Amino acid sequence: MRAVRLGVSSLLLHKLRSFLTTLGVLFGVSSVIAMLAIAEGASVEAQEQIRQLGSSNVILRSVKPPEDKVSNQESRVLSYGLTHEDRARVAETYPGVKDVVAVLEVPEEVRFGSLSCRPRVLCVDPTYKEVTGRIMMEGRFLTGRDGQATASVCVLGYEVARYLFPFKPAIGERIKVGAEYFHVVGVMYPRVPIGSIKRDPGTEVGGEVFIPIKTGQRLFGERQVKIRSGGMDAQEVQLHEIIIAVEHDQDVPMIANASRLMLTDSHREKDYEVIVPLELLLRAQETKRIFSIVLASIAGISLLVGGIGIMNVMLATVTERTREIGIRRALGAKRHHIVTQFLVETVVLSGCGGVAGVVLGLIIPEIVEAAGDMRTIVTIQAPVLAFGISVATGVIFGLYPAWRAATMDPVEALRHE
Amino acid sequence: MSALPVDEPSGGVFVHPAQGGAEDTQTVAQLEGVSRVYSMGAEEVHALDDLSFSFGSGEYWAVMGSSGSGKSTLLNILGCIDRPTQGEYRVRGQAVSDLDDDELSELRSKELGFIFQSYNLIPQLNVLENILMPVLYQENPGEGIEERGRFLADRVGLGDRLTHRPTELSGGQQQRVAIARSLINDPALILADEATGNLDSKTAEEILELFDELHAEGKTILIVTHEPKVGERADRILRLKDGAIEGVEDNRR
């Protein structure tokens, strides 16, 4: 304790120099904590997005085949993608499947009064909400009765509801989808957009409108016609998506593989893709691991720089205090006393830098969160680790100057001016 | 043989065992054929050449000689911060060549007191801390060491400046602190290197009077100086020339 007090008083003799030396460690430590917090936040965010897809789901999705193959086809109507047959096969043959939800997307415009927009109009089974884990904001989702009766009801996504009904509740209103009228029965919370879902160009308002799949098939059919600047573009897709809800998570890879095999057999072209959120989740975790290693390296380098700064200053201090070392040695200080004295000073320097760095490192994520609208998570390990490393830096980079001081010849040291 | 001889019995702070005539004093420091050779490239410089001498307890010596005569080298060897190239140096019977660096440090902190020309106080420590410094490097500083520090500060007339820093003191005051520091261990031998060299004549006289008092109390003192006036204060003068003893004078009346 005495040694610490003496070290501090020596450091206070050169306040500015000690402060500047501490800065190196301070920034090193705070950047470690802040970067880890940002990385952790981003990773948790990504994992949540994937979980929204449903970690126990396997998603089969229609994909338009590459253009060069398309041009060979004689028919002017491009036909591709998942079929009702695929859906029936999945539903009937796989064990462990809890539910199968089919999704058909129709390229219709949605209108209310003079307002119109082009959200994704999804024709879905009533279990869609449960399988994807979506949450209603108000009203109800489609029910089985809507499906059987091919009722003209719809559920709006939050964005669409806000756009079409900025000043009044949407429920009970009648909107026009394409040429047909639908009753709004519910509004659903939006979900965080996910990178892999492509939005068609020209969709000014994002969001979704859900209608019962039977109603959709009856009213709009399976042939989607898009009017483009060069003419018409017609394509025929029976189902855009088949979402398979699996009973147990451990069956997910098996069912994903079975689906891939089944689709390879039954489709001549690769006009589908199989998305497994669980696999995405694992990949996201792997990405996070690599990200963390990269960040840790960067932070490590900044701490290294801080450590070299400490060493530099301590070497200067040792030279400057050669005479003091000589006096202490002449008056009976052993080598280890001198080593301890200088090590205490470096550890005090790096320790102070560490503490200040932890404080700053806890503040930075708050600022990033407030200003950058990014999620950050400070885990308990980050500050502990960063502080530990800063103290270790002090010891490691203090050793050489301390050793230099201790091995000086007392006679030479006393003669030093 | 124990690493260090047991200290002389010392009841009070300044009490010294009763002294007989100069002839039966105990030997404190003994040099036997000591040489110190520096190699400057190809050249060899004999700073000390086959020096044999001994200092008895309670004696007051002055080492004199022109610059280059080997005074400083002798002082460094006597102070155990340098070792002889040849020959043997004993402090209270303990041969220095048998000791490793740590044991030598221990010997310095227990048996020797240093007083330098430029005081050499530690600037970041206050007066009391400077006085106590040699003790704090010992394994067991012992009880009441702080009392002793205060007592010594009082003794050299700085009892009311314990918390002052060296920079807040005059040269004479700093040298008094250094003297108090050299006494903290009740050393076998006090070594003073041109202790009055940086002081004006009045302050120097005060310091020399302090040495006289310490001598009267029975301390063994060796001062290195080139000033005849300072040397004359000592009981005996050892004159050095070219690393060898030129002569020994006895000033005692």
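What you are looking at is a predicted structure, and each value in this text was computed from that prediction instead of being measured.
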Taking [atom1] in [X] as the centre, count heavy atoms belonging to other residues, nucleotides or ligands within less than 6.0 Å. Is the count above 12?
X        : atom1 : answer
B:Glu168 : CD    : yes
A:Phe291 : CZ    : no
B:Glu143 : CD    : no
A:Ile380 : CD1   : no

Exercise. Pick whichever of A:Arg321, A:His336, A:Arg323, A:Arg328 has the most heavy-atom pairs under 4.5 Å with chain B.
Key: A:Arg328

Quiz prompt | When A:Val411, A:Leu414, A:Asp409 are compared by non-hydrogen pairs under 4.5 Å with chain B, the top option | solution = A:Val411

Shortest non-hydrogen contact between [X] and [Y], atoms and distance:
X        : Y        : answer
B:Ile81  : A:Ala330 : CG2-CA, 3.9 Å
A:Arg335 : B:Asp102 : N-OD1, 4.1 Å
A:Gly332 : B:Tyr137 : O-CB, 3.6 Å

Name the region of [X], side chain, backbone, both or neither, that has any atom closer than 4.5 Å to a heavy atom of chain A.
X        : result
B:Gln138 : neither
B:Asn120 : both
B:Ile122 : side chain
B:Leu125 : side chain

Self-check item: Part of A:Leu12 within contact of chain B (heavy atom distance under 4.5 Å)
Solution: neither

Self-check item: Verdict with supporting geometry, A:Arg415 and B:Ser72, side-chain contact (heavy atoms from CB on, under 4.5 Å)
Solution: CA-CA 11 Å; A:Arg415 207 175 289 159; B:Ser72 298; over 6 Å; no

Self-check item: Interface residue of largest heavy-atom contact number with chain A, from B:Leu136, B:Leu121, B:Asn76, under 4.5 Å
Solution: B:Leu136

Self-check item: Residues in residues 36-44 of chain B that sit under 4.5 Å from chain A, counting heavy atoms only
Solution: none

Quiz item: Taking C-beta and beyond as the side chain, do A:His337 and B:Ser105 meet within less than 4.5 Å on heavy atoms?
Solution: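 No, too far: nothing below the 4.5 Å cut-off.
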
Quiz prompt | Basic-acidic side-chain contact under 4.0 Å: A:Arg329, B:Asp101 | solution =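 Result for this pair is yes, salt bridge flagged.
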
